[in-house]
Structures are given as structure tokens and as C-alpha cells.
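Okay, structure first, notes after.
In this chain, residues are counted from 1 in sequence order.
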Amino acid sequence: MLDAGATILNVANLKTVFSTRDGYVHAVNDVSFYLKPGELLGIVGESGSGKSVTMMSLLKLLPMPPAEIRNGTIDFDGRDIRNASDEELRNIRGGDIGFIFQDPMTSLNPVFSVGFQIIEPLRVHMKLSKKAARVRAAELLELVGIPDASARLKDFPHQFSGGMRQRVMIAIALACDPKVLIADEPTTALDVTIQAQILELIKELRQKLGMAIIWITHDLGVIAEIADRVAVMYAGQIVEHAEVKELFANPQHPYTRALLETLPKMDEARAERLASIDGQPPNLDHEPTNCEFAPRCKHAFERCLKENPKRRDVSPEHDVACFWDANTGGPHSA
């Protein structure tokens, strides 16, 4: 796999399960990745592929039980998050690692002003006085492009549009100058114009603040625009990992290729139907013992139904978990 070099976040062999009446749901299966200071890692895949659960596992934001982290190491800036105490986790959450949750319409507390919700982490993590925290909160709202920022601190979430609420969520996530920002599909609920504004905002903030970002999405178009590296997830596993230009130019996994084929082409006639991926994502009620994509894969052969492929290097910048060789069109020799 890619040489991580100096990293701020290093996750190895992460496994997360959920206990249910019918047994365990294996939501995250042996996931490994890293993040370098200042870079943007895109995590892509269909709904249910384990993207959000993986990121929430990092900060233990899942209810435990029913969730359980069964295996793995989570090293953040030299600290072991998995074995961190509750107090250490509180200091990391919102302090060193900011999190933008998926739905801006429900992520803010409706009974508190947005000013209170920005000021609270500033007072807890940065120990600012109420006056200093209020000044900083206004600066943050101004930073994310909300006009008349000082006056709007007293407003409640219902007085903001969806796009403005997402900007407030970004302001909260950035409040304590985090080293890492995790953005969980932050533009999914927004219209395309607001999406474009949020993407431009994130690019500007990244350049200005120099923080590392993990961007979770199912939109490969967004990834092409903003990411440095991409990890493609399926059935709770990373099935392909590469630098963004390499992934788009030379996709190796059949699932990655299928995702790329679903993108609309500029030269296609409007009446032509968009491509889709046949079949359904797998039931995760068992730990993977074979390739979970095999039932949907036109390149699958006998080995795919019996073994779960491990990630192997395609090049120094690229690895894939697949027995099929995209370059030869046949089984891989390893």
C-alpha cells in the first residue's frame, strides 16, 4: 500500500460491529488508511458501504452498546484514540478533530442560539472568556460567509436556510482550529448552487488554515474537484486506494469502474439513461469470507466466491483488493 510517511492520523485493521436481535452486523471490516497533515482524503462508496460508521468509530461517537469496536488501532498525532479515556476523547472531539455531520437541518440544537452552539466549544476547549468567545464566534461566522455575523449570533437554527445552517456547522467544526476536519457528506441535503459555494468555502479554508480533511461522499464529481487521495469503500472494506488523478485515469477494481460509469457524460444525448450498478449491496450479517462484490461483478470467477481478497499494490501510488487484473482482463497471478 502507499507509503504513509509523516501522518497525523493512522488507522489500522479497524473492525466495528453492531449487536442486534438477529446477531451481529459487521459494518466495518479490517479498514486501514492514513492521513497526512494538510491533505484531503476522499472516502467514496454507495450508501451503507461503511463510510460514516468508520469515521464515527474513530471518535467513539457510536452508542456502545450496540456498537463495538472489536479490533484495530487508531493513532492520532501520536495518541492512541481507541484506548483514550472519556476525558481525553472530550478534548479531542471538537478540539483537535472537528466533525461536520451529514444533515445540516437536524445537526444543530433547535432550542439554543447558533451563537451559544459556537461559543460552547470555545469555552470548553480553548478556555476563552464569554466576551472573547463571542468575538471569536462572530469571526467564525464571518469566515464561513454569513453576513452581519455579530447580529446573527443570537438567531436560532430555524432562522437560517439549509445552506446557512451548513455554514454554521462548519464554523462549529472549525471553532478550535482542529488539526483534522471530518466532513460527512456535508453537501448532500443542499441544492447544487449551495453545494458549489460550500465546496469553494472548504477549499479556501483548507488553504488558509492548513488542516487535514477527510471528506465522505458518494459523489465522485466532488472528489475529482477537491481530493488528493481517494479510498473506495464497499461492504465495510476499502477496495481501492489511490491518488485522485491515478484513480480516475486507471481504476482497477470493478466496483470503482462501475461507480465511474454511473457519472453522466457531457457528450451523451439527454434521452440516454444513466448507467446503474445491477444488484444490491450485501447483507452485512456475517464477516466477509469472500469478495462481497462478486454477485454484482461481471468479472467474478470461482476464487472470488471462496476468498476475500487482500489489498495489493498496483503501483507505488495505488492499491486494490481484487483477484481480477484490470490490465490483462483476467485473474491476477498473485
Open item on the list: Is there a side-chain contact between Val11 and Phe33 in this structure, where contact means two heavy atoms from C-beta onward sitting under 4.5 Å apart?
Closed with: yes

Open item on the list: With heavy-atom distances below 4.5 Å as the criterion, would you say the side chains of Ile92 and Arg79 are in contact?
Closed with: yes

Open item on the list: Between Arg296 and Glu46, does any NZ, NE, NH1 or NH2 come within less than 4.0 Å of an OD or OE carboxylate oxygen?
Closed with: yes

Task: side-chain hydrogen bond (donor to acceptor under 3.5 Å, both in side chains) between His218 and Glu185, worked out - done: CA-CA 8 Å; His218 57 265; Glu185 301 198 39; 3.1 Å; yes

Task: Pair Asn308-Gln237, side-chain hydrogen bond (donor to acceptor under 3.5 Å, both in side chains): steps then yes or no - done: CA-CA 10 Å; Asn308 189 27; Gln237 304 171 84; 2.9 Å; yes

Task: Arg82 NZ/CZ over Phe76 ring centroid, <6.0 Å and within 45° of normal - done: no

Open item on the list: Between the side chains of Glu225 and Lys203, is the shortest nitrogen-to-carboxylate-oxygen separation below 4.0 Å, so that they form an ion pair?
Closed with: yes

TODO: Supply the atom-to-atom distance Asn10 CG to Leu35 CG, rounded to the nearest 0.5 angstrom.
DONE: 9.5 Å

TODO: Show your working on side-chain hydrogen bond (donor to acceptor under 3.5 Å, both in side chains) between Glu292 and Asn290 and close with a plain yes or no.
DONE: CA-CA 6 Å; Glu292 294 289 352; Asn290 59 284; 5.1 Å; no

Task: Joint hydrophobic cluster, Val230 plus Leu260, side-chain heavy atoms closer than 4.5 Å - done: yes

- [ ] Determine the interplanar angle of the Tyr234 and Phe293 rings, folded into 0 to 90°, and report it as parallel if under 30°, tilted if 30 to 60°, perpendicular if over 60°.
- [x] perpendicular

- [ ] Report the relative orientation of the aromatic rings in Phe156 and His158; use parallel for angles under 30°, tilted for 30 to 60°, perpendicular for over 60°.
- [x] parallel

Open item on the list: Would you say Leu14 ends up clustered with Tyr24 if hydrophobic residues are merged whenever their side chains have heavy atoms under 4.5 Å apart, either directly or through other cluster members?
Closed with: no

TODO: Grab the two heavy atoms, one from Ala231 and one from Ile238, that are nearest each other, plus how far apart they are.
DONE: CB-CD1, 4.0 Å

Open item on the list: I'd like to know if Asp319 pairs up with Lys310 as an ion pair, taking the criterion as any Lys NZ or Arg NE/NH1/NH2 lying under 4.0 Å from an Asp or Glu carboxylate oxygen.
Closed with: no

Open item on the list: Salt bridge or not between Lys15 and Glu287? Use side-chain N to carboxylate O under 4.0 Å.
Closed with: yes

Open item on the list: Hydrophobic cluster membership, with links at side-chain heavy-atom distances under 4.5 Å among I/L/V/M/F/W/Y: are Leu62 and Ile100 in one?
Closed with: yes

- [ ] Could you tell me whether Arg70 and Glu68 make a salt bridge, using a distance below 4.0 angstrom between a side-chain N and a carboxylate O?
- [x] yes

- [ ] Please name all residues satisfying side chain to side chain donor-acceptor pair (under 3.5 Å) with Arg152, sequence neighbours left out, ordered by chain then number.
- [x] Asp155

- [ ] State whether the side chain of Asp219 and the backbone N or O of Gly221 hold a donor-acceptor pair below 3.5 Å, judged by distance alone.
- [x] yes

TODO: Compare every heavy atom of Ile223 with every heavy atom of Gly42, then report the nearest pair and how far apart it is.
DONE: CA-CD1, 3.5 Å

Open item on the list: Is the shortest side-chain heavy-atom distance between Trp215 and Val222 below 4.5 Å?
Closed with: yes

Open item on the list: Counting C-beta onward and ignoring hydrogens, is there a side-chain heavy-atom pair between Asp75 and Ile81 closer than 4.5 Å?
Closed with: no

TODO: Hey, could you give me the CE/CG distance between Met211 and Asp96, rounded to the nearest 0.5 Å?
DONE: 13.5 Å

- [ ] Flag yes if Phe112 and Ile146 sit in one hydrophobic cluster, no otherwise; membership is Ile, Leu, Val, Met, Phe, Trp, Tyr, and two members link when side-chain heavy atoms are under 4.5 Å apart.
- [x] no

Open item on the list: Can you tell whether the side chains of Lys306 and Glu302 come within less than 4.0 Å, N to carboxylate O?
Closed with: yes

Open item on the list: Using every non-hydrogen atom in the two residues, find where Ile69 and Ser57 come nearest and quote the distance to one decimal.
Closed with: CD1-O, 3.5 Å

TODO: Output yes when a side-chain donor or acceptor of Arg312 lies under 3.5 Å from a complementary backbone atom of Cys322, and no otherwise.
DONE: yes

Task: Side-chain (His253) to main-chain (Ala321) donor-acceptor, under 3.5 angstrom - done: yes

Task: Glu240 side chain to Gln252 backbone, donor-acceptor under 3.5 Å - done: yes

Task: Test item: Asp184 side-chain N/O and Ile216 main-chain N/O as donor-acceptor pair under 3.5 Å - done: no

- [ ] Kindly give the heavy-atom pair with the smallest separation between Arg123 and Ser129, and that separation in Å.
- [x] NE-C, 4.0 Å

- [ ] Establish whether Val114 and Phe99 are linked, either directly or via other cluster members, by ILVMFWY side-chain heavy-atom contacts under 4.5 Å.
- [x] yes

Open item on the list: Between Glu39 and Lys36 (salt bridge meaning N to carboxylate O under 4.0 Å), is one present in this structure?
Closed with: no

Task: N-O pairing of Asp86 and Lys60 below 4.0 Å - done: no

- [ ] Answer yes or no on whether Arg165 is positioned over the face of Phe160, meaning its NZ or CZ is under 6.0 Å from the six-membered ring centre and within 45° of the axis.
- [x] no

